[in-house]
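Below: the structure, in structure tokens.
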There are 2 protein chains.
Amino acid sequence: MGRPKAARGQGRDRVVAAAIELFSERGVSGTSLQMIADRLGIGKAAVYYQFKTKEGIIEAVLAPAFEQMRSIIADGEGSDSPQEVAIVGLSGLVIAQREVVAALSQDPEVRRFLETHNEASELLLQLGAMLLGPEPAPRRRVAVSLFGGGLASVGIDPALADIDDEALRSELISLGQLLLTA
Amino acid sequence: MGRPKAARGQGRDRVVAAAIELFSERGVSGTSLQMIADRLGIGKAAVYYQFKTKEGIIEAVLAPAFEQMRSIIADGEGSDSPQEVAIVGLSGLVIAQREVVAALSQDPEVRRFLETHNEASELLLQLGAMLLGPEPAPRRRVAVSLFGGGLASVGIDPALADIDDEALRSELISLGQLLLTA
DNA sequence: GTCTATAGCCGGATAGAC
DNA sequence: GTCTATCCGGCTATAGAC
């Protein structure tokens, strides 16, 4: 019992925070456990104490974003406009987790990770379906792909760093509606 | 003299073609020279005969895309609507070089490459300026980022594989105009 | 919880035979 | 132009001291 409960998990959280920074700067493949350890000022083996494998770190980095996606999907199921829910929800997700979303959707290593984790790919498919709606025409399908890919890159675009979160969020929602109701 | 001229450069071209495939599947950091050699059925040292460094391969992969960007910029300079030229030109670029464009704009290793090659970053800045126009409002700036990032991901989206090039190109142009004139 | 040390593998890159 | 062999360094991961 030595230590207060509040301290538990801090080590893990610090590793995850450093990993997010590095993943978005250098990509997952370009980030070594040594780099994560160096950024925290600890040794490589100390990182292994928190996570037994690099894949475990990837999992922990992605977890909160997937949690938020689950909640968007749940919201959409009770709604009469799932598309609207998805546009608003995903715009909020990008704002809330800029770096994570970038790593999430743009990194090839993460794509490979998803291929071996069907529950996660399933979430992405469901969100895609919400945006597409029933029997989408080619134009809508292109628009969904454009919006999805664009969202991720907006999250990390340094050229937009001066725009505050609320303004960015409302622009994204409005541009999403423009694209997907065209 | 032994060999017909047509054969010259074939070795290099084969390496570049294999590299493009692998870069878009696994990212630049996730692709080793051994993988490139294996895909061609040759040894690693044979790849080094064509390119002295991995960076040389990256350069050769990106070169045609940058060439096309230069030509878009040149077209825009004589036009009274550079924004239109950029939308049409970039949509065509995505179609012409789907995999290259993906690696180009989404890979962290390529971003690092660009930081050390100012001529290339300069081209991207000029294209960005063409899309933005003079004194862009925040909404336009977000739209440009969304369009740029979205374009790249449309190029590699397997869900759009059944849409033929000409249809995709015209949808992209039309969606680009919608976004950027809003 | 963090360290040093080490195992074992794979990375980029080079030399030299064929 | 392709090969084998090799160098050296960095990688993930583990073992064991503190």
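Below, read A as the first sequence line, B as the second, and so on, with proteins coming before strands; counting in each chain starts at 1.
- When each of B/Gly41 and A/Gln34 is assigned the nucleotide of DNA chain D with its nearest heavy atom, B/Gly41 is the one assigned upstream, toward the 5' end.
- Contacts of A/Thr31 with the nucleic acid, taken as non-hydrogen atoms under 4.0 Å apart, involve only primed sugar atoms and P, OP1 or OP2.
- For the pair A/Phe51 CZ and C/dG1 C1', the computed distance is 15 Å after rounding to whole Å.
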Would you be so kind as to tabulate the donor-acceptor pairs closer than 3.5 Å made by side chains of residues 83-90 of chain A, with sequence neighbours excluded?
{"unit_1": "A/Gln83", "atom_1": "NE2", "unit_2": "A/Leu131", "atom_2": "O", "d": "3.0"}
{"unit_1": "A/Glu84", "atom_1": "OE1", "unit_2": "A/Gln177", "atom_2": "NE2", "d": "3.0"}
{"unit_1": "A/Glu84", "atom_1": "OE2", "unit_2": "A/Gln177", "atom_2": "NE2", "d": "2.8"}

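- What separates CZ of B/Arg14 from C1' of D/dT2 is a distance of 12 Å, to the nearest Å.
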Please produce a list of atom pairs where a protein N or O lies less than 3.5 Å from an N or O of nucleotides 5-10 of chain C.
none

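- One atom, NZ of A/Lys54, and another, C1' of D/dG10, lie 12 Å apart when rounded to the nearest Å.
- The same ILVMFWY cluster, assembled from side-chain heavy atoms under 4.5 Å apart, contains both A/Leu160 and B/Leu127.
- Using a cut-off of 4.0 Å between Lys/Arg side-chain N and Asp/Glu carboxylate O, A/Glu25 and A/Arg39 are scored as salt-bridged.
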Quiz item: For B/Glu115 and B/Arg112, what are the C-alpha separation, side-chain angles and deciding distance, and is it a salt bridge (charged side-chain N to carboxylate O under 4.0 Å, His left out)?
Solution: CA-CA 5 Å; B/Glu115 282 165 22; B/Arg112 297 172 64 78; 5.5 Å; no
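- For the salt bridge (Lys or Arg N to Asp or Glu O under 4.0 Å) test, no residue two or more places apart in sequence or in another chain qualifies with B/Arg140.
- Per the geometry, CD1 belonging to A/Ile36 stands 11 Å off P belonging to D/dC11, to the nearest Å.
- Of the residues in residues 56-64 of chain B, none has a non-hydrogen atom less than 4.0 angstrom from any atom of DNA chain C.
- One can place CD1 of A/Ile42 at 17 Å from C1' of D/dC18, the figure rounded to the nearest angstrom.
- Atom CZ of B/Arg12 is separated from atom P of D/dT2 by 13 Å (rounded to the nearest Å).
- Rounded to whole Å, the distance from CG on B/Leu33 to P on D/dT2 is 15 Å.
- Contact annotation: A/Tyr49 does not reach the phosphate of C/dT2 (side-chain N/O to OP1 or OP2, under 4.0 Å).
- Among residues two or more places apart in sequence or in another chain, the salt bridge (Lys or Arg N to Asp or Glu O under 4.0 Å) test is passed with A/Glu55 by none.
- Side chain of B/Gln50, nearest nucleotide from D/dT2, C/dT2, D/dC11: D/dT2.
- Not a single side-chain hydrogen bond (donor to acceptor under 3.5 Å, both in side chains) links B/Glu77 to another residue, sequence neighbours left out.
- Put simply, CG on A/Leu22 is 12 Å from P on D/dC11, counting in whole angstrom units.
- Atom-to-atom distance recorded for A/Ile163:CD1 and A/Arg169:CZ is 15.0 Å, nearest 0.5 angstrom.
- One distance of note links CG of B/Asp162 with CZ of A/Arg141; it measures 4.0 Å at 0.5 Å rounding.
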